[in-house]
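Take a look at the structure set out below.
None of the values given here were measured: they were computed from a predicted structure. So that the names make sense, note that chain A is the first sequence line, chain B the second, and so on, each numbered from 1.
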Number of protein chains: 2
Amino acid sequence: MKGRILRDARKIFGEYGFHGTTTRMIAQKVGIDISTLYYHWGEKGDLYEAVVQDIFEDLRSKLVEVEKLIHGKPLSDRLKIALDIMTDYLFDNPEISNLTLFRYFAKTRSESVLEVKVPETMGNIAYSMGLVKDRKSVPVDAKIKMLALMNSIHNFISGESFFKILLDVDHEDYVKMVKETLAFIMVPAFGQGMKDIKTSE
Amino acid sequence: MKGRILRDARKIFGEYGFHGTTTRMIAQKVGIDISTLYYHWGEKGDLYEAVVQDIFEDLRSKLVEVEKLIHGKPLSDRLKIALDIMTDYLFDNPEISNLTLFRYFAKTRSESVLEVKVPETMGNIAYSMGLVKDRKSVPVDAKIKMLALMNSIHNFISGESFFKILLDVDHEDYVKMVKETLAFIMVPAFGQGMKDIKTSE
DNA sequence: AGGTGCTTCCATCAAGCGTTGGAGACTTTG
DNA sequence: CAAAGTCTCCAACGCTTGATGGAAGCACCT
């Protein structure tokens, strides 16, 4: 039950954000009384924290999976494959993108432990992309590039409902266009700008 | 007074989003009673619509200004200048980025007339970037590229408070890094991928 | 059968929300 | 000077919110 609540809370929080979500909405989605929800998770903020923690872990383990998959391949292949897999994964779990962006852009009320772990993750992505040689000491300019990369994907996932109407395409075409656009932008940038580092491998 | 309310409402809505903002917060910021606010603007949703409309017009007129400035210049210069000016402008008016992203990513409750005007704007950007030759008939793949471009900027503006801590830099360095990163990613992409169109000018 | 611990629901609370009515104050008009 | 109009605030409304206390159900052990 505790897990079921967490799973449904993810979706609701992801759609409406922290303020836009009410505990009653979550309880209704699960099909239980609100007091049952409070029994298992305590206050709303605690549940939210747990949800954020949860999606963060999911995202991180997915990134590890991708890293193993692309290891050893040439740079532009690595990037294309990673983009492809991550895009598919996030389209299947849009709450991850939604909540990540919510966390970035909406006013934070209480600083959590999570914020320390995000840079670490960005460093890991930079490493598996071959942008840096040492996982431990990642320069800020590499981190901010990975941030831009990740956010571009998140944007397209979270904005789907809006952008789909705007571009007047269906889901299938939208997914295809997103992948093409991401490749169009990212491959030249990271392919070219990184050649100096690449040759030293 | 009506204008003063609009100006302050922009900031509050931009920081906390629609649900995160209360009419009392806005009134307090302006320094008036809530009923005065209601006297001038009616219900919260109407004020919010007005705010969104307002920032949209601001953004559009700024884009027109940029278009005039870069007209006739070679492509990579156009892009660099446009990025530079828009980044500075949005750092000065972060509510524009905040509200734009909020509108894209948070659940919409009532479809507005605005949504029809956004694709038109994206088409105009694509035109002034030299991506398309005809302002009237802009293909979807050009629009989605402009969307990606604009969103990348918005992301860095809206996420500043979060990313600044994450990267452990101050405002000045952050702005510098953002500009470098945007140029790093966008210039190769649009410089290379667009050469075929460029030559036909 | 009775007790114990865990889980669920009903009823309810105080606080905060969006919103409104009405009474004053100040300016403009006759 | 009075009347009309414009603006502002105080007080309050009904409703939704996050949150809780207590009773009922259920499985398990003795």
Side-chain angles (χ1 to χ4, degrees), chain A residues 1-55 95 98-99 102-103 105-114, chain B residues 1-55 95 98-99 102-103 105-114:
Chain A
M1 169 59 47
K2 208 175 171 185
R4 240 174 72 201
I5 297 173
L6 192 69
R7 192 151 22 89
D8 286 341
R10 251 170 85 138
K11 288 174 192 153
I12 306 282
F13 274 130
E15 262 186 293
Y16 299 92
F18 182 78
H19 287 297
T21 301
T22 69
T23 52
R24 283 170 176 82
M25 285 163 73
I26 300 172
Q28 194 187 1
K29 173 101 179 175
V30 186
I32 53 166
D33 191 87
I34 14 166
S35 37
T36 307
L37 189 152
Y38 276 88
Y39 172 77
H40 286 287
W41 284 103
E43 22 175 292
K44 185 188 178 185
D46 291 346
L47 175 55
Y48 184 72
E49 277 295 318
V51 165
V52 172
Q53 184 87 32
D54 191 45
I55 64 136
E95 340 86 45
N98 292 341
L99 279 165
F102 262 125
R103 199 157 180 85
F105 303 145
K107 198 88 175 182
T108 86
R109 56 198 65 251
S110 59
E111 196 162 329
S112 80
V113 208
L114 231 66
Chain B
M1 170 58 50
K2 209 177 170 185
R4 240 175 72 203
I5 296 173
L6 192 69
R7 195 152 19 90
D8 285 341
R10 252 170 85 136
K11 288 174 193 152
I12 308 280
F13 275 130
E15 264 186 291
Y16 299 92
F18 182 79
H19 287 298
T21 300
T22 70
T23 52
R24 282 170 177 83
M25 284 163 72
I26 300 172
Q28 193 186 3
K29 173 102 181 175
V30 186
I32 54 166
D33 191 87
I34 13 166
S35 36
T36 307
L37 190 151
Y38 276 87
Y39 172 77
H40 287 286
W41 284 104
E43 25 177 290
K44 184 188 179 186
D46 291 346
L47 175 57
Y48 184 72
E49 278 295 321
V51 165
V52 172
Q53 185 87 31
D54 191 46
I55 64 136
E95 339 86 45
N98 293 342
L99 278 165
F102 262 125
R103 198 157 180 83
F105 303 144
K107 199 89 175 180
T108 87
R109 58 195 65 252
S110 59
E111 196 162 328
S112 80
V113 209
L114 231 67

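Rounded to whole angstrom, the span from the NE2 atom of A:His40 across to the C1' atom of C:dT7 amounts to 6 Å. For the pair B:Tyr38 OH and D:dA12 P, the computed distance is 19 Å after rounding to whole Å. Atom-to-atom, OH of B:Tyr48 to C1' of C:dG18 comes out at 17 Å; the value is rounded to the nearest Å. Here the C1' atom of nucleotide D:dT17 and the CD1 atom of A:Ile26 are 13 Å apart, to the nearest Å.
Using a 4.5 Å heavy-atom threshold, the side chains of B:Phe102 and B:His19 count as separate.
Along DNA chain D, the nucleotide nearest to B:Ile34 and the one nearest to B:Met1 differ in position, and the one closer to the 5' end is contacted by B:Met1.
Taking the six-membered ring where the residue is Trp, B:Phe18 and B:Tyr48 present perpendicular rings, their angle passing 60° and hence far from 30°.
For B:Thr23, taking side-chain heavy atoms from C-beta onward, the closest of the listed nucleotides C:dC9, C:dG18, D:dG18 is C:dG18. Comparing D:dC9, D:dT8, C:dT8 by their nearest atom to the side chain of B:Asp33 picks out D:dC9.
Distances shown here put a side-chain N or O of B:Tyr39 below 4.0 Å from the OP1 or OP2 atom of D:dC7.
Looking at every heavy atom in both residues, A:Glu15 comes nearest to A:Asn98 through N-ND2, 4.4 Å.
Taking 3.5 Å as the limit, the base of C:dG18 and the side chain of B:Arg24 contain a donor-acceptor pair of atoms between them.
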